[in-house]
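First the structure, in the form of C-alpha cells, and then the observations on it.
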Amino acid sequence: MAYQLTSLGISVLALLRERPMHGYEMFQTLVRRHADHIVKVRPGSLYHAVDRLTEEKLIRRAATTRAGNRPERAVYEITDAGVEALGERVRDLVAMPANEFPQFVAALAAIDTLDPDAAATAVDDRVGALEARAAEIMALRDAGITPATGSLVAFDYVLATMRAELSWLREFADSLRTGSRDEVSR
C-alpha cells in the first residue's frame, strides 16, 4: 500500500513549500499560526512525520546548522515529489468526502444509555465548550493572527461547521428535555 499523507504531513509539506526549515522552527510556526486548531501538533509527532516524509523522499535534509551552544539542527526542504504528493493529497481530500468516524457520532449512537436529563446536560456542556472554542477561533481570525490564506479558509470552515453543530445541538438538547427527539432528526 502506498504511503498516504497524514494531516500533519500535509501541514509540514505546506510549510516547506514556503521555505526550508528545521523541525523546531516548523513546530513553532504551526503553533504561532494556531494550526493546533486544525491538526494535532506535538513535537514528537512532528518529528515522526518529518522522519516519515524523509523516508518517502517527499522532503530532504538541505543543510545542518548550529547557532552558538545549541545542538545541530537539520534543515529540511520539500522535494519535487513532495510538491506533487501534497497537491494530489490536498486535491483528493477536498474533492472526496471521507467517513472519518468521529467519536462524538459514536457517542450519539449510544446516547440512549443516558437518562434524558443527563444526556441534555452533556449536550449543554458540549455547547458551552464549542461556543468557547468558536469564540477563540473567531478572535484569532479577526485579529489576523493566522497569516497564511489557507489557515484563514480552514478557520472559516471550522467556524461554519461549529455553528451548524451548535444549532443542531441546541435543538437536540431541547428535544431531549421535551421528549420530542424524533423532530430533530427530520
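Side chains are part of it too, since the values below use all heavy atoms of this structure and drop only hydrogens, waters and symmetry mates. Just so it is clear, the model here is predicted, and its values are computed rather than measured.
- Arg33 has a carboxylate O that lies under 4.0 Å from a charged side-chain N of Glu18, or vice versa, which qualifies the two as a salt bridge.
- By the neighbour-count criterion of 12 heavy atoms within 6.0 Å, atom CG of Asp115 is densely surrounded, having more than that number from other residues, nucleotides or ligands.
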Using the rule given for side chain to side chain contact (heavy atoms under 4.5 Å, CB included), can you reason through Asp36 versus Lys40, listing the C-alpha separation, both sets of side-chain angles and the distance that settles it, and then say yes or no?
CA-CA 5 Å; Asp36 54 335; Lys40 188 174 183 177; over 6 Å; no
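- The backbone N or O of Tyr24 lies less than 3.5 Å from a partner atom in the side chain of Tyr47, making a donor-acceptor pair.
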Are Arg60 and Thr54 close enough, and set up right, to give a side chain to side chain contact (heavy atoms under 4.5 Å, CB included), and what steps lead you there?
CA-CA 6 Å; Arg60 68 177 156 251; Thr54 303; 5.9 Å; no
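- Between Leu140 and His34, the shortest heavy-atom contact is CD2-NE2, 3.4 Å.
- Between Ile78 and Leu58, the shortest heavy-atom distance links the atoms CG1-O, 3.6 Å.
- When all heavy atoms are compared, the tightest approach of Leu159 to Ala134 is CD2-O, 3.4 Å.
- Residue Arg17 qualifies as open at atom CZ: its count of foreign heavy atoms under 6.0 Å is 12 or below.
- Minimum heavy-atom separation, Val123 to Ala173: CG1-CB, 3.7 Å.
- One finds the CZ atom of Arg89 at 5.5 Å from the CD1 atom of Ile10 (value rounded to the nearest 0.5 Å).
- Panel note: side chain Ser167, backbone Ala164; no donor-acceptor pair is recorded below 3.5 Å.
- Nearest heavy atoms, His37 versus Phe155: CB-CE1, 4.1 Å.
- Distance CG/Leu16 to OG1/Thr79: 10.0 Å, rounded to 0.5 Å.
- In this structure, Arg126 satisfies the cation-pi test against Phe104, with its NZ or CZ atom closer than 6.0 Å to the six-membered ring centre and inside 45 degrees of the ring normal.
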Audit row: Phe27, Val50, side chain to side chain contact (heavy atoms under 4.5 Å, CB included) steps and yes/no
CA-CA 11 Å; Phe27 177 75; Val50 166; over 6 Å; no
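- The minimum heavy-atom distance linking Val39 with Ser11 is given by the pair CG1-OG, 3.6 Å.
- Ion pairing between a basic and an acidic side chain is recognised when a charged N comes within 4.0 Å of a carboxylate O; Glu25 and Arg19 show such pairing.
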